[in-house]
Number of protein chains: 2
Amino acid sequence: MSDLKLVRKFEVKDGFWGRYEKLVRDVVLPYQENALNDRIEGAEKSHCIENFRMAAEKLRTGKCDGEFYGMVFQDSDVAKWLEGAAYSLAQNQNPELEQRCDDIIELIGSAQHEDGYLNTYFTVKEPDKRWTNLHEAHELYCAGHMIEAAVAYAECTGKTRFLEIMCGMADHIYKHFIEEGAEGYPGHPEIELALMRLFRCTKEERYKELALHFINVRGVDSDYYKKEKRKCGWSVWGSNADDKEYNQCAEPVRMQKKATGHAVRAVYLYTGMADAAMETGDNTLAEACKTLWNNITQNRMYVTGAIGSAYEGEAFTKDYHLPNDTAYAETCAAIGLIFFANKMLYLERNRKYADVMERALYNCVLAGMQLDGTRFFYVNPLEALPGISGEAQTHKHALPVRPKWFTCACCPPNVARLLASLAEYAWHLLPDRLFSNLFIGGTLDLRDTFGGRLTLETTYPYDNKITYRFEPEGEMMSVPLAIRIPAWSAGASICINGKSAEYEMEESGYAYIHRDFSTNDILTVEFDMPVRKVYTSNKVSANTGKAAIERGPLIYCAEGVDNENDVLSLSLKKGGAVTVGEYLPNKLYGIQELYAEGYRETVSEELYSYEEPEEKECKITLIPYYAWGNRGLNQMRVWIPERK
Amino acid sequence: MSDLKLVRKFEVKDGFWGRYEKLVRDVVLPYQENALNDRIEGAEKSHCIENFRMAAEKLRTGKCDGEFYGMVFQDSDVAKWLEGAAYSLAQNQNPELEQRCDDIIELIGSAQHEDGYLNTYFTVKEPDKRWTNLHEAHELYCAGHMIEAAVAYAECTGKTRFLEIMCGMADHIYKHFIEEGAEGYPGHPEIELALMRLFRCTKEERYKELALHFINVRGVDSDYYKKEKRKCGWSVWGSNADDKEYNQCAEPVRMQKKATGHAVRAVYLYTGMADAAMETGDNTLAEACKTLWNNITQNRMYVTGAIGSAYEGEAFTKDYHLPNDTAYAETCAAIGLIFFANKMLYLERNRKYADVMERALYNCVLAGMQLDGTRFFYVNPLEALPGISGEAQTHKHALPVRPKWFTCACCPPNVARLLASLAEYAWHLLPDRLFSNLFIGGTLDLRDTFGGRLTLETTYPYDNKITYRFEPEGEMMSVPLAIRIPAWSAGASICINGKSAEYEMEESGYAYIHRDFSTNDILTVEFDMPVRKVYTSNKVSANTGKAAIERGPLIYCAEGVDNENDVLSLSLKKGGAVTVGEYLPNKLYGIQELYAEGYRETVSEELYSYEEPEEKECKITLIPYYAWGNRGLNQMRVWIPERK
């Protein structure tokens, strides 16, 4: 597989994702740069850059003014932002931004110890406690994010300074855990997937070895955190070192069957495992990944692709427990699920991975950001109840309106780096095959592989038609193209220059066409994109008797503002029609609404009453879930009771 | 009003409550006596009696072996048990039990300091910290329960030793808070209602003054707990002293409009307030009680009469937030709501108070105890989901099977004392009127008031017929009888000796009949007791599109064991019949099942699927909610989707 070649090769152009690409570049990255520099009024303080300044000062002078501020893993916010900036620079030259990135990288470098160690929390605040609390202190997690950023920056800009810095840290980690034999494994996985990227970028085998080490030792001594706690004598949050399920170390990873514990940590771990399994051909590891994937997607995933049912521990709970209004459904966890899906797709070519990737991207992840790019959800509930959401002690996390920033600001820069690197997910470019996984308009440079350029045009997800145009360097370009036909499409009509094309529908769910394309050749794919009602297994108590509405990759929801400020009285008509509205370019930055036949129930205002509720037929207006919460405090519901 | 005269005057005899009366006497009180003495294998340790032994030893010798064990309010478990035992002794002589009670009372007395102070936690563990942490340390709460027990024991047995002990403690409290002017008010209300009882029993005005003091100062200095925390330097649980809403002190009690915070504390406080309002004629206080009552019953009460929607703080949350599977719905809170309702009924004669009292009693409170009296629920969810309930981190509290005992064992003895004193709620005996509030079979001794005995016969709640028989001492007895006609009964057919009786239907919802009854006169009341479907306001998200089933005072539920082990696939048929089964004397100690026309939905086993679910007509078997969870781990649901 190739890593990060695609971000540089693919220029995003289409309406839907083009807007996001521009938004990330013009709004999100600058906004977050301001946030990291504490220049946003009324937002939670970040102090990220300042922490690096203080660490650098301390290394230079032996002391520094002020105090470290923020989470123990505050460094990772800068890392994710730099990674997003790198991707953006690959798409659009921006010398000022690049200079500012270079400056931050220099600052980072000056906060690095001579032995390669790099972490502002420990440098500024706890210089004597390095590597003593793997369970909570997230040194390896921060290192992982910094490594990812460094790899991205090197691959996107060609500049290697950051990579050198982080190789220094990786070497330091290697020395500590491999050469010096330190015990333990990270409380928050991330280093595994990062080291795999670093290995692929540098070809340095030791980084792969180190990634495999952390994967292999995890859960072998399942009491590690307990022992560490007894030994280290300090704690960040007083976490339970003995909750092995939560800590994802009850068993060696190859024996784990259920996705447990902190949802982001889980999918970051599985991403690293899947990547390692692919790289090493380790079947046992691959099988473990498949088992965990199945557990998540068949038992523990929201219809929006969100994961993590509980605020308590930001975690998975139990199979079939998917509450809507109290969902945790962290943006970062959906992003992590996309990472995992992407690696699984490399490991086992099957559209199901891309289907979930698309589901999580178009629904949970996009909902994580306000449409104007300036506010963010950490938590993405599937139901919002003004007066309760964000207010009741059980719903403090489930805000009905996006805040500007967070004390724990992991999600906003994670959205930025994902949206700035969608090419890596949309396309898989193997030596013998080009996979078209997600349908994002733009031009892919295939000159050094298949002899030309390929342009994808679409107004997807609002239209069902994808057009591929070819621009060979010579007369023809031979493209072995595999196009994902999503499971939600009963089939697809594939034409070349208007005539039915021959293709092979592969078991993987990809339509395969290998032929020579000449200039002006047009390959079109039309999906079957009906509105569909989706039902949940009756094991999910929250959704019994209810349906949700999907069209293509989009989950829809009903908001109060479109429905007389009361969506809780609505029910869908069983067998009723759901019609697709016109594209509304000026509503919520361009959406298509759906209109469902349904009922509005009039029940007494009394808390309890005995009159059978009256039902009046009505039209329910639905908007894409990703666009909810952009019009003020408002009821919202994805799962709606269905009645005859 | 009279206090505690009725327990001595009313001999419970009927099938339904007779069984409970016997159960409390033969099983619950002995079981709990064993628990308090740590003689139950496999149950949580109580250490209650042992704590008193240690305190007594320490007072005698200046030191004691061992350590205080249990909650800071562990003493209250003994108190509640003694109160229950006192009521049982009023009904049934039991010299051995009485002797053991006397022994415990002697033990309690020997744990009392010379200055009247009595609390084993402080005596054994924190002798220097008396009255320094009203917020958390629950000294006034324990004192309140001990006072209640002492009053009950005096009134039921005629023995005054316990009363003297507790008057000593009350005098000590009076001295501290009134004479010496100590600041503050109890973190856990209870002392207010207890002092009102002590006042009524002893006629000592100072106890009423002290009760009013605690009511009046609450929330006047709303920062009291904060200041106390700063001063006292120790904490029991690290409670938030600044959460004034939670601590029920954001405003003086007369200005409070919403029931907030810990649900048990709230209703104990309101009970004391209502009692004080009645005793003093304080209208402002009475109005505050009505406002709070309305907020609870119109916005924050489960259909089972349970209150407290959240595990977090065992507390009220927000209006219309009534989740079923994660409900807290503590048994003690429903008991407290009954206390509050009973005082409100004295304050303002209106059946609505008795209706709620009956709802909470027959549903939440009875569900709090296993039918055999040996296991207890602390939390009474309205939906049980094996695999999730009691297991997911969000459901740890919502156990699907009753445990034997609890570290915090407030509920079991609270059930015992309530069930042993139902006469106090069933009847209100005023000088000029006898109110029949709850319909419990047995004989009421009215010889010193209305000249004879009255026997109520019924198989209520399974039958709709109540029979009153009269046994005058002379030829006739003149009884001014007011019979509650529950709101669920559209009317009532009232006959005397088989012929329609003349009565006055009062605005209060009571049917009033005042006449001279002779021996053999039979007054019958037949309620209209149809099966009713109950609907929730659509502001309650958890219940939209759903109905529950009631008959008379009973809420019904569907359990898996009666419904192919799957109640989540069931829906009720809109407009469908619900038939009443035969009385089944051998099922769950005697119940009537209901059979509802409904559907069983077959939806794919897949987490998400797109086929419209198939519905097959079926019969849904429902059992009374109070009897759920008596047949092993099992699904249970009160609110069931309803479809055409």
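Every chain is numbered from 1, with letters handed out A, B, ... down the list of sequences.
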Can you check side-chain contact (heavy atoms from CB on, under 4.5 Å) on A/K396 and B/E312, steps first, answer last?
-> CA-CA 11 Å; A/K396 291 273 185 214; B/E312 292 82 355; over 6 Å; no

Quick one: what part of B/S571 sits under 4.5 Å from any heavy atom of chain A, side chain, backbone, both or neither?
-> neither

Under a 4.5 Å heavy-atom cut-off, does chain A meet the side chain of B/N324, its backbone, both or neither?
-> neither

Would you say the side chain of B/V540 lies within less than 4.5 Å of the side chain of A/L607, judging by non-hydrogen atoms?
-> yes

Does B/G575 offer a backbone N or O that forms a donor-acceptor pair with the side chain of A/E612 under 3.5 Å?
-> yes

With a 4.5 angstrom heavy-atom cut-off, which part of B/T602 approaches chain A: side chain, backbone, both or neither?
-> neither

Residues B/E615, A/K644: salt bridge by 4.0 Å N-O rule | yes

Bottom line for B/F316: the part with an atom under 4.5 Å from chain A's heavy atoms is backbone

Around atom OH of B/Y311, are there more than 12 heavy atoms of other residues, nucleotides or ligands at under 6.0 Å?
-> no

Check each atom of B/A548 against the heavy atoms of chain A and say whether the ones under 4.5 Å are side chain, backbone, both or neither.
-> neither

Leading residue by heavy atom contact count with chain B [cutoff under 4.5 Å; candidates A/E642, A/R300, A/E391, A/R637] | A/R637

Just by distance, do the side chain of A/Y608 and the backbone of B/M301 share a donor-acceptor pair under 3.5 Å?
-> yes

Choice from A/A547, A/G387, A/P613 maximising heavy atom contacts with chain B below 4.5 Å | A/P613

From CA spacing to verdict: side-chain contact (heavy atoms from CB on, under 4.5 Å), A/K318, B/H395 | CA-CA 10 Å; A/K318 296 286 171 183; B/H395 290 66; over 6 Å; no

Under 4.5 Å from a heavy atom of chain A, the part of B/Q298 involved = backbone

Which atoms of B/L322 come close to chain A, meaning under 4.5 Å heavy atom to heavy atom: side chain ones, backbone ones, both, or neither?
-> side chain

